[in-house]
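Structure first, commentary second.
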Amino acid sequence: MSSALLTDLQDRGLIFQMAGEDKLPAWLDGGTRTLYCGFDPTADSLHIGSLVPLLTLRRFQLAGHRPLALVGGATGLIGDPSFKAQERQLNTPEVIAGWVEKIRQQVSRFVEFDAGPASAEVVNNLDWTQDMDVLTFLRDVGKHFSVNAMIQKESVRQRIEREGSGISFTEFTYMILQSFDFAELSRRYDCSLQLGGSDQWGNITGGIDLARRMYGKQVFGLTMPLVTKADGTKFGKTESGTVWLDPARTSPYAFYQFWLNTADVDVYRFLKYFTFLPVATIDALQRADEERQGRPEAQAVLAREVTALVHGDAGLAAAQRITDALFSGELAQLSESDLQQLRQDGLPASELEPGSLPATLTHLLTDAGMAASGKQVKDALGRQAVFFNGRALGWEDNDRVAQCLDRSLALYGRFVIARLGKKKYHLFELV
RNA sequence: GGAGGGGUUCCCGAGUGGCCAAAGGGAUCAGACUGUAAAUCUGACGCGAAAGCUUCGGUGGUUCGAAUCCACCCCCCUCCA
């Protein structure tokens, strides 16, 4: 492997499989190349599962190549069956079209559009599929696919072999659509490399075959590993669900906290996956952390880097402002505008009418989403784990909601920061 | 169509008439220890502040009493056709 870019990707552990491995390095070294990665609209936002391919597109651009971000306006209508246990529910074309627009904006954050020959472009596969008629598709595209080969693909095998599941013709056809995208992009843009997660291998190789059959072109494929955690739990989930890239769904604060809570065993690997820091810098950081006793610095670096990439410097500043305020315990030092800012920055918050408060703290805190049940609140109160503006509450306070939320105890007469346990915060504003 | 096995609280899984809100494990939440870690230990873990209320695929039934027995129905798995 001679290309410096590929060597770097290799060092980062970002290469899972390569199609055309023998020729790819020389091809990349031969000039500005065009490559693409697809993102299907399955919601109105991407989540951090898409971050690795998104950042890898950027890595190629930084190395002087031209990235195309494909938004799957067409494929999103069909649904990718790869390694999915069940057939998916179809969404309406209107809904998908709305998502396409949001995802187009999201992916645009990660690539540079004004970079000379390496300028990025966002494309939509609906542009070259929506006007194609069925017979053309079946004769010109479908004829190149062997069903025998398609059903051999690992990505759909489970669905085909397992009793109780099954796959519709619609989803089965997905591979052909994605393959056609690659062939079409190779024709339109001279795009010769497709990136994807490891689950995309079958779809990518399908496209490589099709580009060769339809246009006699040699194109390449590269997949990245599925991000895993050492403890075996699924990457990208928290108690409150999926970690999204959209700040309206996952606030920069929550996003920052997600990365800050990365396990030690995972953090250096994640630094290589999710940041642009040189591998040597990351290795040096790891050595420094290991020599020092106590808390490693890596999580803070990771959280800072990734939050800035996804939410910008302002988003990072907001996340750090909240984190500093809450975890330093210096709540009294917050100014009135800081408190209002916390809410805008994504700290969970709610307004309370002093005249119509819940009868008990258990209700108040479960309603605010700080605990799943009254039992948990009771447990926490009994252990001095509930704090209002830093003051510990006890079980005897359970039915004294009004006293606990008295304006004289509130910051600036109206703000109460509730804390349950070490990490769960909620801002109550008295109105 | 025939024969057998099974559906239990978030998950796995015990429980075959009262001692069952239901063993055990996992997950989760909280505490201690720490670094807003890991490991370990402790507590909680259907809902409810409590009294109490609602659960063991569904519907009916037997019984003082049913997750446990009976009838019918639904779903899943295995084997045979």
Side-chain angles (χ1 to χ4, degrees), chain A residues 85-86 158 161-166 228-243 251-271 285-286 288-304 306-307 319-331 342 346-348 357-388 390 392-404 417-426:
Chain A
Q86 288 190 330
Q158 170 187 35
E161 289 182 351
R162 191 164 149 202
E163 247 178 274
S165 65
T228 56
K229 293 204 291 179
D231 66 4
T233 58
K234 200 172 188 307
F235 170 77
K237 298 275 185 191
T238 66
E239 321 80 80
S240 41
T242 303
V243 180
S251 71
Y253 164 68
F255 188 86
Y256 182 83
Q257 285 287 324
F258 169 79
W259 295 103
L260 202 59
N261 283 302
T262 302
D264 290 4
V265 282
D266 293 323
V267 71
Y268 304 99
R269 200 159 44 90
F270 287 5
L271 278 165
L285 176 63
Q286 179 166 9
D289 278 344
E290 280 163 1
E291 280 167 25
R292 186 162 11 87
Q293 290 297 316
R295 183 173 198 172
E297 210 181 324
Q299 280 87 347
V301 175
L302 177 67
R304 191 168 66 228
V306 185
T307 306
Q320 289 182 319
R321 186 162 55 235
I322 300 183
T323 296
D324 291 347
L326 297 182
F327 289 92
S328 72
E330 307 286 329
L331 299 179
L342 291 185
L347 186 71
L357 294 171
T360 59
L361 289 175
T362 51
H363 271 113
L364 180 75
L365 300 185
T366 51
D367 289 353
M370 296 183 74
S373 72
K375 283 271 200 321
Q376 287 184 4
V377 177
K378 180 178 179 179
D379 185 51
L381 281 168
R383 292 161 179 280
Q384 302 281 293
V386 177
F387 299 83
F388 275 16
L393 303 182
W395 177 237
E396 68 280 2
D397 293 310
N398 188 41
D399 53 1
R400 299 182 200 150
V401 178
Q403 288 99 309
C404 293
I417 293 177
R419 181 184 128 202
L420 192 159
K422 286 190 178 110
K423 301 185 194 177
K424 272 182 281 194
Y425 291 91
H426 192 95

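What you are looking at is a predicted structure, and each value in this text was computed from that prediction instead of being measured. Within every chain, numbering begins at 1; the chains are lettered A, B, ... in the order of the sequence lines, protein sequences first and strands thereafter. No hydrogens, no waters, no symmetry mates; every other heavy atom, side chains included, goes into these values.
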Take atom C1' in B:G58 and the same atom in B:C74, then report the distance between them in whole Å.
-> 7 Å

Looking only at heavy atoms, the pair that brings A:Val377 and A:Ala371 closest together is CG2-CB, 3.6 Å

Using a heavy-atom cut-off of under 4.0 Å over every strand shown, decide if A:Leu326 touches base, sugar-phosphate, or nothing.
-> nothing

Output, in order, the C-alpha distance, side-chain angles, deciding distance and verdict of salt bridge (charged side-chain N to carboxylate O under 4.0 Å, His left out) for A:Asp379 and A:Arg383.
-> CA-CA 6 Å; A:Asp379 185 51; A:Arg383 292 161 179 280; 3.0 Å; yes

Sticking with atom P, work out how far B:A51 lies from B:C64, rounded to a whole angstrom.
-> 30 Å

Taking atom P in both B:C41 and B:C79, what distance in whole Å separates the two?
-> 43 Å

Taking the side chain as every heavy atom from C-beta outward, state whether A:Gln320 and A:Arg304 have any atom pair closer than 4.5 Å.
-> yes

By the Watson-Crick or G-U definition, both distances under 3.5 Å, B:C79 is matched with B:G2

Nucleotide by nucleotide, nucleotides 34-42 of chain B touches protein heavy atoms under 4.0 Å in the pattern (B base, S sugar-phosphate only, - none) BBBB-----

Nearest-Å distance once atom P is located in both B:G46 and B:C29 | 16 Å

Under a 3.5 Å limit for both distances, which nucleotide forms a Watson-Crick or G-U wobble pair with B:A71, could you say?
-> B:U59

Compare the minimum distances between each of B:C47, B:A49, B:A30 and the side chain of A:Lys424, then state the nucleotide with the smallest one.
-> B:A30

Whole-Å distance between B:G31 C1' and A:Leu381 CG?
-> 13 Å

Does B:A49 have a Watson-Crick or wobble mate here (both distances under 3.5 Å), and if so which one?
-> none

Which nucleotide, in any strand shown, forms a Watson-Crick or G-U wobble pair with B:A23, with both distances under 3.5 Å?
-> none

Complement of B:U9, any strand, by Watson-Crick or G-U distances under 3.5 angstrom | none

A:Lys378 side chain N/O closer than 4.0 Å to the phosphate oxygens (OP1, OP2) of B:C29?
-> no

More than 12 heavy atoms of other residues, nucleotides or ligands under 6.0 Å from CD of A:Gln384: is that the case?
-> yes

Atom CG of A:Asp379 to atom C1' of B:C47: distance rounded to whole Å?
-> 16 Å

Between B:G31 atom P and A:Trp395 atom CH2, what is the distance in whole Å?
-> 17 Å

Which whole number of Å gives the distance between the P atom of B:G60 and that of B:U16?
-> 26 Å

Partner nucleotide of B:C41 by Watson-Crick or wobble geometry (both distances under 3.5 Å) | B:G31

Closest contact, heavy atoms only, A:Met370 versus A:Leu420 = CE-N, 3.5 Å

How far apart are the closest heavy atoms of A:Ala298 and A:Asp289, and which atoms are they?
-> N-OD2, 3.2 Å

RNA chain B nearest-nucleotide lookup for A:Arg419 and A:Thr360: closer to the 5′ end is A:Arg419

Calculate the interatomic distance between A:Gln376 atom CD and B:A49 atom P; express it in whole Å.
-> 13 Å

Using atom CG of A:Leu393 as one end and atom P of B:A30 as the other, report the distance to the nearest whole Å.
-> 16 Å

Between A:Tyr425 and A:Phe387, is the gap from one ring center to the other below 6.0 Å?
-> no

Any donor-acceptor N/O pair under 3.5 Å between B:G48 base and A:Lys375 side chain | yes

Main-chain N/O of A:Ala372 paired with A:Gln376 side-chain donor or acceptor, under 3.5 Å | yes

Mind checking the C1' distance from B:U68 to B:G61? Whole angstroms is fine.
-> 15 Å

Rounded C1' spacing from B:U9 to B:C53 in Å | 16 Å

On a whole-Å scale, what distance lies between the C1' atoms belonging to B:C33 and B:A22?
-> 34 Å

Please confirm whether the backbone N or O of A:Cys404 pairs with a side-chain atom of A:Asp397, one donor and one acceptor, at under 3.5 Å?
-> no

